[in-house]
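Keep in mind it's a predicted model, so treat the numbers as computed, not measured.
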Amino acid sequence: MAPEEREAFDKDPLWNSIGQVIWLLRQAERNHLPPLRTIEVASAMRIHQTRASELLNDLERLRRVSARKKGRQVSWSIGPGEL
């Protein structure tokens, strides 16, 4: 990868998984949709649900997303660190 390509890649948050998760959650909020469930994030990103859960839990620890648990389902929204 050329240095210019690498720089563009690094600057675009949609090239990394965390940026994609944040983007998905923001899109849901902008479109006035209910908070996304882990399975919906995994499906949208085309990754395994376990990986989506890991990403979301990491972001929750960083206070970038918030989780709401109802039974066994977890719904995710933008956290206080992203507002």
For residues 42-55, the salt bridge (Lys or Arg N to Asp or Glu O under 4.0 Å) pairs (sequence neighbours left out) are R51-E54
Atom pair CZ (R37) and CD (Q49), whose distance is rounded to the nearest 0.5 Å: 9.0 Å
Measure from the side-chain N and O atoms of E29 to the backbone N and O of I78, and report whether any donor-acceptor pair falls under 3.5 Å. yes
Please list, chain by chain and in numerical order, all residues satisfying side chain to side chain contact (heavy atoms under 4.5 Å, CB included) with S66, sequence neighbours excluded. S77, P80
L24, L33: one ILVMFWY side-chain cluster at the under-4.5 Å cut-off? no
Could you list all the salt bridge (Lys or Arg N to Asp or Glu O under 4.0 Å) pairs where at least one residue sits in residues 66-75, not counting sequence neighbours? none
Where do S17 and M45 come nearest, in terms of heavy atoms and distance? O-CE, 3.7 Å
Roughly how far, to the nearest 0.5 Å, is CG of L55 from CD1 of I18? 6.0 Å
Taking the side chain as every heavy atom from C-beta outward, state whether E60 and W76 have any pair of such atoms under 4.5 Å apart. yes
Would you say that L62 contacts D58 through its side chain, given a criterion of any heavy-atom pair below 4.5 Å between the two side chains? no
From L56 CG over to R64 CZ, what is the distance, rounded to the nearest 0.5 angstrom? 12.0 Å
Can V41 be reached from I39 by stepping across I, L, V, M, F, W or Y side chains whose heavy atoms are under 4.5 Å apart? no
